[in-house]
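Order of the sequence lines fixes the chain letters, A, B, ..., with proteins taken first and strands second; residue numbering starts at 1 for each chain.
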2 protein chains.
Amino acid sequence: MDIKIVDVAKIANVSQATVSRVLNNNPIVKPKTRDAVLKVIEDLKYVPHAAAKNLRQQKTMTIGVIVSDIKVSYNADIVKGIQNKAYSQKYKVVICDTQNDMEIEREYLRLLTDRSVDCLILVASLLPEKEVLNVAERGYMVGLVGRSIDHENVFSVHTDNVKAAKEAVEHLIAQGHRDIVFLSGYANAKDSYDRLEGYIKALGAHGIPFRPELVENGNFNETGGYAAMKRLKGKGAVFTAIFSANDEMALGVYEYCNEAGISIPSELAIIGVDNDRVSKYLTPSLSTINQPKNDMGSLIADKLIRSMNGVFDLPRVSIVESQLIVRQSSEFNRA
Amino acid sequence: MDIKIVDVAKIANVSQATVSRVLNNNPIVKPKTRDAVLKVIEDLKYVPHAAAKNLRQQKTMTIGVIVSDIKVSYNADIVKGIQNKAYSQKYKVVICDTQNDMEIEREYLRLLTDRSVDCLILVASLLPEKEVLNVAERGYMVGLVGRSIDHENVFSVHTDNVKAAKEAVEHLIAQGHRDIVFLSGYANAKDSYDRLEGYIKALGAHGIPFRPELVENGNFNETGGYAAMKRLKGKGAVFTAIFSANDEMALGVYEYCNEAGISIPSELAIIGVDNDRVSKYLTPSLSTINQPKNDMGSLIADKLIRSMNGVFDLPRVSIVESQLIVRQSSEFNRA
DNA sequence: TTGTAAGCGTTATCAC
DNA sequence: GTGATAACGCTTACAA
């Protein structure tokens, strides 16, 4: 510790400049001096001081990631994708977990915009568009996963939620279902809203009238799914299938059915979204919609890195393909 | 962007020093000037430059966390505990996911020891003791979760794996089992080894001879558990229960049993370790040993932060209590 | 109570 | 090819 470039320079009998050149692989330095310097660096276990370097170069080679909940496997996969790409390009990653609290998200955003990161990625962000734009306006490149905002400094990647939802609901319809519940997430979540749209489109395409009483909110979490189920039954709703806007809520439905003695899929079919890690381990295994999470993470990181390095013709928005995974929970043909 | 302390100073008609004092809540500055400066800071949306501050103060208020796999819910919970404590103390957290690759772990360790973090936490580290000591020797405070090393700069937190394993195996014995398999993790993992010791102790305490042929390695992962099961059956081993050194391997056992038509728990009882998120959703639900993961994370972060702030009488090693969770997979009394 | 100026450890621009 | 030195933006003695 505490050994710096000047120490190396002295011992190696060269100037600081030369040591710096060696450190940065500047080909101009003579192989012989280079080796000598490297030897001293090795001996002294010298490591350049990050802050000094950052200050001088006005960059940190760090990407800040703000994520709603790293425990949700969907988010974890995206973060992994980001990390893989980042590390392969010599970038570090700072992760902030907001625990689904918008106030905390706001605080982290403030914390990270002190130039301690070169750019930002928001995964499943809850922040109002205005605040995100604010950051972009201040000069930060921002990456968005799962939503999109139009600004020259903002990139985004998401799937076509309308299309995916439509496909899922049509799968249920193909199994003979006509009374299908839609379990929605947060009211202000764009993806939940899009999935609702897909649901409605699927019904329409098959001449099934949309019945608002079959839409319930489950807040994207397990207890919310359970409660929604309870409300549905409480008001005497009749239905044979559920399209849940994510897998978490489906867990609550499973629990309810377990307690109420409702058999899945013979009495109630269900399909979720996200392909959460647990879904394939459930009994019956849960049908779901998979998104290429890793690719999405690595794609957004790649765009940001490229754009920071002067590439300017990148598309602002990327829409990737999701994929329906049919498992046991929706495999029961009523026809 | 690009607005700095001198700009604020000029507009507020004070010196840089005064602005700095305001920023750092130095009570010596007169309330009136303070307010004036704050106003300008607000107007200009000035944010101090992290690297400059870090360089000057020789610290970054950042904790580096190196974790074997953030997707494993055990690790994610620990990281959450670290983050909560860290953020409450104004520290940031950098997370590096090594994907269980020792080479990558080594690389991240190198990457983080450029003073871009103030201290380091290794979660489920695979690195040889020597390399960890190396870092501690260079002056870094190191926190270890799940293992421990003796050095004045190293703190650690883990559970008493021997005791917990013994308790789990005794639970199986109490259900009437005598032919109990032990599924081990990596050969060099201290916790796996300790769990083996607890297993042996439990057998001994109940007069059951230890039979090496009932110990199989499953490498701490799902496919390893499946393969181990296959090997056991292949060599004609007879057993009625399994103690798996983690829940992941138990998943592989479930899969094998499912294919082979072996009923859990009536034909084969099983108990794991970690209380992975999926374990309670399995059918039958998996008995396991829970560790206070959040607390462990926050405890280790707390120790490091305290010790960096000059507290010196902290215990180097903390052992926390784990807890047996009996679920369906081990609830079948053979007696 | 406020201002002046040195210094944190690099890198980059000049000379040589 | 190499060396001297200014500059990055902040904090903190020390002066005033």
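Toward the 5′ end of DNA chain C lies the nearest nucleotide of Arg21(B), the other residue of the pair Arg21(B) and Leu55(B) mapping further downstream. When each of Asn24(A) and Gln57(B) is assigned the nucleotide of DNA chain C with its nearest heavy atom, Gln57(B) is the one assigned upstream, toward the 5' end.
Nucleic acid contact for Ser20(B): base, since at least one base atom lies under 4.0 Å from a heavy atom of the residue. Within the nucleic acid shown, Val14(B) comes within 4.0 Å of sugar-phosphate atoms alone, with no base atom in reach, counting heavy atoms only.
Nearest heavy atom pair, residue Val19(A) against residue Ile5(A), reads CG1-CG1, 3.5 Å. Between Tyr186(A) and Asn100(A) the shortest heavy-atom distance is OH-OD1, 3.3 Å. Taking every heavy atom of both residues into account, Asn153(B) and Ala136(B) meet most closely at ND2-O, 3.0 Å.
Ion pairing between a basic and an acidic side chain is recognised when a charged N comes within 4.0 Å of a carboxylate O; Asp35(A) and Lys39(A) show no such pairing. Between Asp150(A) and Arg316(A) there is no salt bridge, since no side-chain N of the basic residue sits under 4.0 Å from a carboxylate O of the acidic one.
For Arg56(A) against dG9(D), a side-chain-to-base donor-acceptor contact under 3.5 Å is absent. With hydrogens and angles left out, the side chain of Arg115(A) and the base of dG9(D) share no donor-acceptor pair within 3.5 Å.
Near DNA chain D, meaning a heavy atom under 4.0 Å away, the residues from residues 43-54 of chain B are Tyr46(B), Pro48(B), His49(B), Ala52(B), Lys53(B).
Thr113(A) places a side-chain N or O within 3.5 Å of a backbone atom of Leu109(A) that can act as its donor or acceptor partner. The closest donor-acceptor contact from the side chain of Lys303(A) to the backbone of Pro315(A) lies under 3.5 Å.
With dT2(D), dC10(D), dA4(D) as the candidates, the nucleotide lying closest to the side chain of Ala17(A) is dA4(D).
For the pair Leu23(A) CG and dT10(C) P, the interatomic distance rounds to 8 Å; values are reported in whole Å. Atom NZ of Lys32(B) and atom C1' of dT1(C) are 14 Å apart (whole Å). Nucleotide dA7(D) holds its P atom 11 Å from the NZ atom of Lys4(B), rounded to whole Å. If you take CD1 of Ile28(A) and C1' of dC16(C), they are 13 Å apart, rounded to a whole angstrom. To the nearest angstrom, P of dC10(D) lies 16 Å from CD of Gln58(B). Rounded to a whole Å, the CD1 atom of Ile5(B) is 14 Å from the P atom of dT4(C). Computed from coordinates, the Arg34(A) CZ to dT2(D) C1' distance equals 16 Å when rounded to whole Å. Computed from coordinates, the Lys59(A) NZ to dA7(D) P distance equals 22 Å when rounded to whole Å.
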Any chance you could encode DNA chain D as dot-bracket? Rule is Watson-Crick or G-U wobble with both distances under 3.5 Å; [ ] for pairs crossing earlier ones, | for another strand. ||||||||||||||||
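Between Ser125(A) and Ile66(A), the closest side-chain pair of non-hydrogen atoms is not below 4.5 Å.
Val37(A) pairs in a side-chain contact (heavy atoms from CB on, under 4.5 Å) with only one of the listed residues (Leu23(A), Val14(A), Val29(A)), which is Val14(A). Leu126(A) pairs in a side-chain contact (heavy atoms from CB on, under 4.5 Å) with only one of the listed residues (Glu105(A), Glu103(A), Arg106(A)), which is Glu105(A).
For dT2(D), the OP1/OP2 oxygens have no side-chain nitrogen or oxygen of Gln16(A) closer than 4.0 Å. Distances shorter than 4.0 Å separate none of the side-chain N or O atoms of Ser15(A) from OP1 or OP2 on dA4(D). In this model, the phosphate group of dT2(D) is approached by a side-chain N or O of Thr33(A) to a distance below 4.0 Å at OP1 or OP2.
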